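Below is one structure, written out as structure tokens, with a few remarks after it.
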Amino acid sequence: MEDNVLRLAGEQTIAIHAGEFPDPSTKASAPNIVMSTTFVADADAGFSVEGMEEDQAWLYTRWGNPTIHQLEQKLAALEGAETAVAFASGMGAISALLLHLLKAGDHAIVSDVAYAALSELTNEKIPQLGISISKVNTSDPDAVERAVQSNTRLIYIETPCNPLLRLTDITLLAQIARKAGALLAVDSTFATPAATKPLELGADLVVHSLTKYLGGHGDALGGVLLGSKRLLAPLRKQTAIRLGGVLSPFNAWLILRGLATFPLRMRAHEANALAVASFLEQHPAIRQVVYPGLPSHPQHELARRQMRNFSGIITFQVAGDGRQQASRFVDRLQIIHYAVSLGHHRSLIFYLNTADLLTTTFKFSSPEQLASWRQFAGDGIFRLSVGLEDAADLIRDLQQALP
Ligand SMILES: *Cc1c(COP(=O)(O)O)cnc(C)c1O
């Protein structure tokens, strides 16, 4: 698709056409998978990535590959980003971002509740490199401002955050980051570009786990960083290519295929989630439901401002014992799988126990942080990723598995 057509195109057209082109030799309309790890080179091709140009011919798949490139172009178009770098997983993207932007002596502010592996990485491994980390409830902009230091290089947020579905105001955080001379990175995996475009709101970098909504079918791990060429061209050379956690062309192809229906899927996820959340909210065995699309969400106003789509993840607490209910779900659910992960066409549910997570993952530094966790999660929550099955079937499945 030519740039001038792309500029006018709607989201569903972009999802189908952006980044793709018919194969020049076979004229195949659908993207093919180029699995080759190496490419026949010219005699003047360089051997070090140091001299690599943005538009140079393919040389080695860790440096770049036609199938991965098509995926990166499509993701950049969907996010409204100048460029994208794909990784083998969301954590591959996140660890590359941290290792690229931070060095010994730097300071970063990281959301006190965020994806478990990122939280654990910044509890231990990253501080061991001489990088100091402050865990802050980023839904409180004053707390973020108070945590800024002269050596703060990065503010890292997740909105809605995993697993609480607590939101952070990206526009406000972008202002704080700019004033501090720091970069703002947003993990937008839960929101997706169908809901929120963090770069338009002032963020410098966007992170997605492609394993979730963007791939959408639970059959391919992947991750991506999106932003300006100024930030990402050196990151690709110095960190993605040299650390080597790049995406496989086969996964790139699966995710490309999943992306064709991405905007349609998000509308269906949202409609299903709203139906299931409303059902749960009136069920006597349920203590509390958290979903950004419900007026009862403590930040519903911000959700309406910042999310064009409320996405498909719900959390809820049961009135009785959470662990017992988890066993009931494992035994009784017929359609919904009791499993981790989210954003798939299949509905998934998993129980997250507060006491366990506070010992393994989330290290709160103030009573306010713990109180905010408890406001959203109490002693434990079920995280339900509402899939694309018929809403009535999901509701019936939950109904027969609740007391
Ligand atoms: C799943 C997830 C990740 C990590 O992605 P992987 O592809 O599993 O490495 C990061 N952030 C969020 C919000 C996630 O849900």
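Order of listing sets the numbers, starting from 1, for every ligand and every atom in it. Just so we're clear, the structure is a prediction, and the values are computed from it rather than from any experiment. Residue numbers count from 1 along this sequence.
- Considering only non-hydrogen atoms, atom 2 (C) of ligand 1 lies nearest to Lys212 out of Lys212, His208, Arg383.
- Between Phe310 and Tyr291, the angle of the ring planes goes over 60°, which puts this pair in the perpendicular group of the 30/60° scheme.
- Ligand-side atoms of ligand 1 in range of Ser89: 7 (O), 9 (O), range being under 4.0 angstrom from any heavy atom.
- Of the listed residues (Gln369, Glu368, Arg166), just one forms a side chain to side chain donor-acceptor pair (under 3.5 Å) with Asn137, and that residue is Arg166.
- Between Phe364 and Phe362, the angle of the ring planes stays under 30°, which puts this pair in the parallel group of the 30/60° scheme.
- Residue Gly92 has no nitrogen or oxygen atom sitting less than 3.5 Å from a nitrogen or oxygen atom of ligand 1, judged on distance alone.
- A salt bridge links Arg323 with Asp356: the distance from a Lys NZ or Arg NE/NH1/NH2 to an Asp or Glu carboxylate oxygen falls below 4.0 Å.
- For ligand 1, the polar-atom distance check finds an N/O of Gly90 within less than 3.5 Å of one of the ligand's N/O atoms.
- Taking the six-membered ring for Trp and the full ring otherwise, the centers of Tyr351 and Phe329 sit at least 6.0 Å from each other.
- In this structure, Gly222 has a heavy atom closer than 4.0 Å to ligand 1.
- Atoms of ligand 1 lying under 4.0 Å from any heavy atom of Asp187, numbered from 1 in the order shown and given with element: 10 (C), 11 (N), 12 (C), 13 (C).
- Residue Glu158 places no N or O, backbone or side chain, under 3.5 Å from any N or O of ligand 1.
- Among all protein heavy atoms, the one lying closest to atom 5 (O) of ligand 1 is Ser209 OG, 3.0 Å.
- Considering only heavy atoms from C-beta on, Met266 comes within 4.5 Å of Ser311 through its side chain.
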